[in-house]
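Notes follow the structure.
All values below come from the heavy atoms of this structure, side chains included, with hydrogens, waters and symmetry mates left out.
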Amino acid sequence: MTARKLILTADECTWPQNYKDPVLFLGEGCKLYSRKEVWQQLDAEVAPYHWDDRQKFFKDYLYLENLYEKILLDLSNKLNHIHSVDYSIRYWRILIGPWLILFISTLFDRWFMLKQTIDKKDITECNIIERDPMSVVPNDMSHFLNIYVDDDWNEAIYGQLLEMYWNDMVKIKKIKKLSINNTHKDNKNPGVKPAFKIYNKKCWISLFNKLLPKDDSYFFISTSLSLKIDFKLQIKLGQFPKLWQRLPAPLIKLDIEQRQWRLDDKSKDTSFEDVARRFIPYHVPTVYLEGFKELEKATIHSGWPKRPKAIFTSNAFYSNDVFKKWAAEKTETGTTLVIGQHGGHYGMTPFNFEEVHQIDIADKYLSWGWSDNLRPKILPVGNLKSHNRKVRCDLNGTALMVELCMSRYSFHIYAHPQARQYLDYLDDQKKFLEILPHKLRKQVLLRLYPSDYGLDQKNRWKDKMPEVQIDPGNQSILNLIKKSRLYISTYNATTYLESLYWNVPTLIFWNPKHWELKENAKPYFELLKSVGIFHDTPEGAAQQMINVWDDIDLWWNSKEVQNARLKFCKQYSRDNNRLVSHLEKILMG
């Protein structure tokens with residue numbers, strides 16, 4: 001076995017200066033496509049990825065879900081003590097739950113990759129960046145979502161783990177970096193709206209709400225409903241409609257003195273649980289610790305109702321800490337929290353923490369059609385996002401193929417590709433297009449994912465298939481569908497549920513090994529497969545496109561296809577023509 005130096009991330013300042021030294025990349029994410037002329041010259045290997053074993057992935061998911069519940073209870077008690085409050089575990093689940101499970105699962109992946117690699121490989125040394133370990137502590141959940149997919153945050157976590165657990169096995173060399181970027185930015189939005197437009201919008205919303213009575217009983221924010229339906233529902237509930245905006249969390253300065261505590265475990269566990277309990281006090285976002293009182297002030301000054309009868313949202317429960325703090329307080333006094341399904345993947349996959357979390361914190365959960373006898377709080381109401389939106393495609397248009405992009409590091413733990421498995425996903429996309437005749441391939445518009453995560457999507461495709469048209473992700477999928485005769489979905493998320501709802505000719509394909517389905521969901525996809533809509537290989541999807549391209553209307557409007565579409569939509573993307581009345585009854589009940 002060749003002795004090698006370990007490379008943790010794509011940050012080349014940590015790579016060995018002597019390019020002749022044998023190296024081991026901890027993952028494929030270290031190898032940026034834009035820098036291939038550098039890493040292709042190295043004597044390099046890549047560490048095997050532990051979650052390529054999908055059975056292990058599912059087993060670890062169950063372990064992490066159980067560990068999350070255990071630590072959530074202890075962390076809730078600790079924060080109650082620190083802040084001299086006595087909130088319920090549900091309160092803390094609403095506020096800190098999304099960060100806690102994401103941090104625990106992310107830390108587990110980084111820890112296990114180091115453990116597996118150092119145990120099985122001959123690692124001589126590793127360079128890490130010399131830094132203040134507190135420099136990567138997030139301000140709030142939104143901030144965390146932006147930094148934990150970047151090289152800098154991951155390098156810091158790897159470095160801390162190495163120093164704490166493997167400094168006697170690996171020679172660690174610290175290097176200085178001139179600047180470390182840990183700014184609070186929105187990694188999900190490739191463009192920035194002009195400041196005056198944002199300010200103008202906020203001013204109008206604030207003025208609009210101040211002109212109206214403040215004793216409204218129902219609070220709506222980010223419901224996924226169209227504005228027309230949102231207002232119609234509020235009127236039916238007996239209140240003048242209001243527009244509420246999300247509020248940013250206060251910026252809080254870190255105080256190391258407030259982090260001198262540990263989540264002790266009486267069982268004296270020496271496995272990963274011990275790692276998590278050591279790391280959490282030094283990584284919990286500042287708004288939950290040093291800034292808890294400031295966060296409370298932000299809710300008081302929000303202008304939001306003090307005694308809402310019900311709170312309805314489909315999105316604000318995850319990353320908006322001001323809303324989460326406010327909603328958690330209101331549920332403590334009996335306010336009903338109603339959460340609507342905000343996208344795809346829900347109800348059809350065997351493991352998805354976000355789904356579990358949303359249902360756990362809600363009093364009522366509104367699905368797009370599916371239900372679960374073991375979870376009676378799930379109420380099937382129909383597709384909230386697409387309701388009352390009419391879409392027509394262009395029978396003479398292009399084929400719109402919508403792409404996914406994801407972090408080079410594992411992030412959300414649910415049934416989808418993780419880390420290096422994104423390269424397998426890309427290979428399937430390439431296979432699909434290669435099978436198409438050149439003339440038909442030129443009819444495809446490839447819509448890239450708006451966030452790139454350092455994967456260089458555009459240049460990858462330009463190098464592989466320059467003849468394919470590319471949309472960088474600036475235009476909405478809805479507008480592009482209107483110009484297309486065929487929609488091609490390549491991953492299990494929201495968009496194909498919308499296209500099927502709108503009765504837009506749709507092809508779906510993905511790798512079932514990376515997009516696992518529940519047993520009770522499989523018959524619905526088999527139904528789509530029987531009529532040529534769903535395919536579990538890129539080859540099958542490409543052949544179907546070749547077969548139907550010249551007369552898509554004939555295929556799509558056939559009795560068999562339409563019956564299959566309607567049956568599938570009834571389960572996962574239902575059209576409810578009495579949606580407003582249905583929601584009114586649920587909210588008033």
- Where the side chain of Arg441 meets the backbone of Val468, is there a donor-acceptor pair that is under 3.5 Å apart? no

- Task: Consider only side-chain N and O atoms of Asp230 and Thr223, and report whether a donor and an acceptor are under 3.5 Å apart.
- Result: yes

- Message: Between Arg565 and Glu560, does any NZ, NE, NH1 or NH2 come within less than 4.0 Å of an OD or OE carboxylate oxygen?
- Response: no

- Where the side chain of Asp363 meets the backbone of Val338, is there a donor-acceptor pair that is under 3.5 Å apart? no

- Task: Answer with yes or no whether the side chains of Asn315 and Arg246 bring together a donor and an acceptor at under 3.5 Å.
- Result: yes

- Going by atom types only, do Asp150 and Tyr453 share a side-chain donor-acceptor pair under 3.5 Å? no

- Message: For the NE2 atom of His357 and the CG atom of Leu102, what is their distance to the nearest 0.5 Å?
- Response: 11.0 Å

- Side-chain donor-acceptor pair present, Asn492, His416, cut-off under 3.5 Å: no

- Message: Can you give me the closest heavy-atom contact between Tyr33 and Leu455, atom names plus distance?
- Response: CB-O, 4.2 Å

- If you measure from CZ on Phe57 to OG on Ser410, what distance do you get to the nearest 0.5 Å? 8.0 Å

- Are Asp60 and Lys56 ion-paired here, with the side-chain N under 4.0 Å from a carboxylate O? yes

- Task: Begin from the C-alpha positions of His50 and Asp109 and carry the test side chain to side chain donor-acceptor pair (under 3.5 Å) through to its verdict.
- Result: CA-CA 8 Å; His50 68 122; Asp109 173 74; 2.8 Å; yes

- Query: Looking only at heavy atoms, what is the nearest atom pair of Lys458 and Ile470, with distance?
  - Reply: O-CD1, 4.1 Å

Side-chain atoms of residues 518-526: list all donor-acceptor pairs with protein atoms under 3.5 Å, sequence neighbours left out, distances to 0.1 Å.
residue: Glu519; atom: OE2; partner: Lys522; partner atom: NZ; Å: 2.7

- Is there a donor-acceptor pair under 3.5 Å between the side chain of Lys309 and the backbone N or O of Thr335? no

- Query: Side chains of Glu434 and Lys430: closer than 4.5 Å at any heavy-atom pair?
  - Reply: yes

- Task: Determine, step by step, whether Tyr218 and Phe312 satisfy the ring-ring contact (aromatic ring centres under 6.0 Å, His included) criterion, reporting the C-alpha distance in whole Å, the side-chain angles of both residues, the deciding distance to 0.1 Å, and the verdict.
- Result: CA-CA 8 Å; Tyr218 300 92; Phe312 176 28; over 10 Å; no

- Task: Determine whether His143 and Asp140 make a side-chain contact, defined as any pair of heavy atoms from C-beta on separated by less than 4.5 Å.
- Result: yes

- How are the rings of Tyr572 and Phe568 set to each other: parallel, tilted or perpendicular (split at 30° and 60°)? tilted

- Item | Under 3.5 Å side-chain donor-acceptor pair for Trp556 and Asn503 | yes

- Spatial distance of atom CE (Met141) from atom CZ (Phe323) [nearest 0.5 Å]: 14.5 Å

Which side-chain N or O atoms in residues 536-544 pair as donor and acceptor under 3.5 Å with protein atoms at least two apart or in another chain?
residue: Asp536; atom: OD2; partner: Lys529; partner atom: NZ; Å: 2.9
residue: Thr537; atom: OG1; partner: Gly540; partner atom: N; Å: 3.0
residue: Gln543; atom: NE2; partner: Asn547; partner atom: OD1; Å: 3.0

- State the CD1-OG1 distance between Ile481 and Thr495, to the nearest 0.5 angstrom. 7.0 Å

- Between Ser484 and Leu400 the two heavy atoms that sit nearest each other are OG-CB, 3.4 Å

- Message: Checking side-chain contact (heavy atoms from CB on, under 4.5 Å) between Pro417 and each of Trp510, Trp515, Trp51, Tyr491, which is the one that passes?
- Response: Trp515

- Query: In Å, rounded to the nearest 0.5 Å, how long is the span from OG1 of Thr490 to CD of Gln429?
  - Reply: 4.5 Å

- Task: For Gln457 and Cys405, indicate whether the former's side chain and the latter's backbone hold a donor-acceptor pair under 3.5 Å.
- Result: no

- Message: Salt bridge check, Arg408 against Glu28: does any charged N sit closer than 4.0 Å to a carboxylate O?
- Response: no

- Message: Under a 3.5 Å cutoff, is there a donor and acceptor pairing between the side chains of Arg485 and Thr398?
- Response: no

- Give a yes or no on whether the backbone of Phe509 and the side-chain of Ser489 come within a donor-acceptor separation of less than 3.5 Å. no

- Message: Please check this pair: side chain of Gln234 against backbone of Lys242, looking for a donor-acceptor N/O pair closer than 3.5 Å.
- Response: yes

- Quick one: list whatever passes ring-ring contact (aromatic ring centres under 6.0 Å, His included) with Tyr409, sequence neighbours left out. none

- Flag the pair Trp244 / Pro305 as yes when at least one side-chain heavy-atom distance between them is below 4.5 Å, and no otherwise. yes

- Message: Apply side-chain contact (heavy atoms from CB on, under 4.5 Å) to residues His412 and Glu354 and explain how you reach the verdict.
- Response: CA-CA 8 Å; His412 299 284; Glu354 291 184 25; 3.0 Å; yes

- Indicate the ring-plane relationship of Tyr365 and Trp370, choosing parallel, tilted or perpendicular according to the 30° and 60° boundaries. tilted

- Pair Asp471-Gln475, side chain to side chain donor-acceptor pair (under 3.5 Å): steps then yes or no: CA-CA 8 Å; Asp471 177 89; Gln475 295 189 63; 3.2 Å; yes

- Any chance you could lay out the side-chain contact (heavy atoms from CB on, under 4.5 Å) test for Leu233 and Phe220, step after step, and finish with the verdict? CA-CA 10 Å; Leu233 177 57; Phe220 288 20; 3.5 Å; yes

- Item | Test log, rule ring-ring contact (aromatic ring centres under 6.0 Å, His included), inputs Tyr496 and Phe534 | CA-CA 10 Å; Tyr496 75 90; Phe534 175 70; 8.4 Å; no

- Message: One pair to check against salt bridge (charged side-chain N to carboxylate O under 4.0 Å, His left out): Glu467 and Lys462. What are the steps and the verdict?
- Response: CA-CA 8 Å; Glu467 70 274 18; Lys462 280 188 174 181; over 6 Å; no

- Do the ring planes of Phe144 and Trp99 sit parallel (below 30°), tilted (30 to 60°) or perpendicular (above 60°)? perpendicular

- Query: Under 3.5 Å, is there a donor-acceptor pair linking the side chains of Asp52 and Gln421?
  - Reply: yes

- NZ/NE/NH1/NH2 to OD/OE distance under 4.0 Å, Asp321 and Lys324: yes

- Task: Run the numbers on Glu403 and Arg447 for salt bridge (charged side-chain N to carboxylate O under 4.0 Å, His left out), then give the verdict.
- Result: CA-CA 6 Å; Glu403 293 296 285; Arg447 198 261 191 183; over 6 Å; no

- Query: Looking at OG of Ser499 and CD1 of Ile508, how far apart are the two atoms once the value is rounded to the nearest 0.5 Å?
  - Reply: 6.5 Å

- Item | Any donor-acceptor N or O pair under 3.5 Å, side chains Asp575, Tyr501 | yes

- Have Gln341 and Asn383 got a donor and an acceptor in their side chains that come within less than 3.5 Å? no

- Task: Sort out for me which residue in Tyr346, Tyr318, Tyr68, Tyr414 forms a ring-ring contact (aromatic ring centres under 6.0 Å, His included) with Phe353.
- Result: Tyr68

- Message: Quick check: closest heavy atoms across Val381 and Leu579, and the distance to 0.1 Å?
- Response: O-CD1, 3.5 Å

- Message: Quick one: does any side-chain atom of His345 pair with a main-chain N or O of Ala415 as donor and acceptor, under 3.5 Å?
- Response: yes

- Query: Asn576 and His582: side-chain donor and acceptor closer than 3.5 Å?
  - Reply: yes

- Note on the structure: The side-chain contact (heavy atoms from CB on, under 4.5 Å) partner of Thr331 among Ile94, Thr336, Ile361 is Ile94

